[in-house]
Visitor: 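Structure incoming, see below.
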Amino acid sequence: QLQLVESGGGLVQAGGSLRLSCAASGRAFSNYKMAWFRQAPGNEREFVAAISGSGGRTVYSDSAKGRFTISRDNAKNTVYLQMNSLKPEDTAVYYCAAAYGNFWEIQTAQRMGRYDYWGQGTQVTVSS
């Protein structure tokens, strides 16, 4: 079992930055690949980024590449999403997710159904 709790969301102006955190409770955190998804009102939940258990491999959606960075600290059982150059279209509830095992290519990593555990989400609002 893994419990995930996101934090760090808030209101920021366009062009600003936020760092989201996702704290995991449970055993063997480093055995889980982690991901961030987001869901804007009226939209489906979409993939943002994923990271392997060791932190050595990452994949990003096209909208996140070059602006967002996913990282993890296995000693703290925490995964992060550093978001820079934020845009109003980044406004959404951001969720972290976990899945046990080896890392995936992006075609699989972006599928919600592949993840076993989800957090409750944290709201990010970017004003123009």
Side-chain angles (χ1 to χ4, degrees):
Q1 282 281 356
L2 206 63
Q3 292 183 326
L4 306 175
V5 179
E6 301 96 334
S7 61
L11 175 64
V12 64
Q13 288 189 332
S17 299
L18 279 176
R19 188 177 82 154
L20 307 183
S21 299
C22 173
S25 60
R27 296 166 61 180
F29 177 67
S30 62
N31 288 342
Y32 289 83
K33 45 193 173 285
M34 302 295 295
W36 287 95
F37 286 75
R38 67 186 183 185
Q39 187 167 17
N43 290 358
E44 294 185 352
R45 196 169 297 187
E46 64 175 7
F47 172 79
V48 175
I51 188 167
S52 63
S54 67
R57 294 181 63 189
T58 58
V59 290
Y60 295 91
S61 67
D62 288 342
S63 62
K65 279 179 188 175
R67 299 189 300 127
F68 295 1
T69 302
I70 188 171
S71 62
R72 65 191 295 160
D73 184 339
N74 285 343
K76 295 182 178 180
N77 278 20
T78 302
V79 63
Y80 304 99
L81 185 68
Q82 177 67 44
M83 304 187 294
N84 298 329
S85 302
L86 283 161
K87 306 174 182 179
E89 51 263 43
D90 294 317
T91 295
V93 177
Y94 283 71
Y95 298 89
C96 70
Y100 188 86
N102 295 329
F103 200 53
W104 300 317
E105 299 304 320
I106 189 169
Q107 291 84 354
T108 304
Q110 63 189 5
R111 297 178 184 175
M112 286 176 51
R114 292 287 188 155
Y115 294 86
D116 305 307
Y117 303 102
W118 291 84
Q120 83 290 348
T122 186
Q123 176 71 47
V124 171
T125 303
V126 184
S127 63
S128 57

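The structure presented is a predicted model; accordingly, all values stated were derived computationally and were not measured. Positions are given from 1 along the sequence.
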Visitor: What heavy-atom pair brings Val59 and Ala109 nearest, and what distance separates the two atoms?
Guide: CG2-CB, 4.1 Å
Visitor: If you take all heavy atoms of Gly8 and Thr122, which pair is closest and at what distance?
Guide: N-OG1, 4.2 Å
Visitor: Pick out which of Arg38, Gln39, Gln123 makes a side-chain hydrogen bond (donor to acceptor under 3.5 Å, both in side chains) with Tyr94.
Guide: Arg38
Visitor: From Tyr60 OH over to Trp36 CH2, what is the distance, rounded to the nearest 0.5 angstrom?
Guide: 12.5 Å
Visitor: Rounded at 0.5 Å granularity, tell me how far CZ in Arg72 sits from OG1 in Thr78.
Guide: 10.0 Å
Visitor: Side chains of Arg67 and Lys87: does their closest heavy-atom pair fall under 4.5 Å?
Guide: yes
Visitor: Do Tyr117 and Gln1 come close enough that some side-chain heavy atom pair is under 4.5 Å?
Guide: yes
Visitor: In terms of heavy-atom contacts, does CD of Gln3 have more than 12 from other residues, nucleotides or ligands at under 6.0 Å?
Guide: no
Visitor: Find out if a path of hydrophobic residues (ILVMFWY) with successive side-chain heavy-atom gaps under 4.5 Å connects Trp118 to Val93.
Guide: yes
Visitor: Surrounding CG of Asn102 (heavy atoms of other residues, nucleotides or ligands, distance under 6.0 Å), is the total greater than 12?
Guide: no
Visitor: Provide the closest heavy-atom pair for Trp104 versus Ala99 in the form atom of the first, atom of the second, distance.
Guide: CH2-CB, 3.4 Å
Visitor: Distance check, rounded to the nearest 0.5 Å: Ser128 atom OG versus Glu89 atom CD?
Guide: 10.0 Å
Visitor: Does Glu105 form a salt bridge (charged side-chain N to carboxylate O under 4.0 Å, His left out) with Arg57? I'd like the steps, not just the answer.
Guide: CA-CA 10 Å; Glu105 299 304 320; Arg57 294 181 63 189; 2.9 Å; yes
Visitor: Any side-chain heavy atom of Leu86 sitting closer than 4.5 Å to one from Phe68?
Guide: yes
Visitor: Should Phe37 and Met34 be regarded as members of a common hydrophobic cluster, given that ILVMFWY residues are connected when their side-chain heavy atoms come within less than 4.5 Å of each other, either directly or indirectly?
Guide: no
Visitor: Nearest 0.5 angstrom please: Tyr115 OH to Phe47 CZ, how far?
Guide: 5.5 Å
Visitor: Table please: side-chain donor-acceptor pairs of residues 12-32 below 3.5 Å, with sequence neighbours left out.
Guide:
| from | atom 1 | to | atom 2 | distance (Å) |
| --- | --- | --- | --- | --- |
| Ser17 | OG | Asn84 | OD1 | 2.9 |

Visitor: Atom OG1 of Thr69 and atom OH of Tyr80: how far apart are they, to the nearest 0.5 Å?
Guide: 14.0 Å
Visitor: So, taking the atom named SG in Cys96 and the one named CD1 in Ile70, what distance separates them when rounded to the nearest 0.5 Å?
Guide: 9.0 Å
Visitor: Please evaluate residues Asp90 and Met83 with respect to the criterion side-chain contact (heavy atoms from CB on, under 4.5 Å), reporting the C-alpha separation (whole Å), side-chain torsions for both, the decisive distance (0.1 Å), and the verdict.
Guide: CA-CA 9 Å; Asp90 294 317; Met83 304 187 294; 6.0 Å; no
Visitor: Would the distance check show the side chain of Arg111 and the main-chain N or O of Gln107 forming a donor-acceptor pair, the cut-off being under 3.5 Å?
Guide: yes
Visitor: Between Asn74 and Ser54, is there a donor-acceptor pair closer than 3.5 Å when you use the side chain of the first and the backbone of the second?
Guide: no
Visitor: In terms of hydrophobic clustering (I, L, V, M, F, W, Y; side-chain heavy atoms under 4.5 Å; direct or indirect links), are Tyr95 and Met112 co-clustered?
Guide: yes
Visitor: Got a donor-acceptor contact below 3.5 angstrom from the Lys33 side chain to the Tyr100 backbone?
Guide: yes
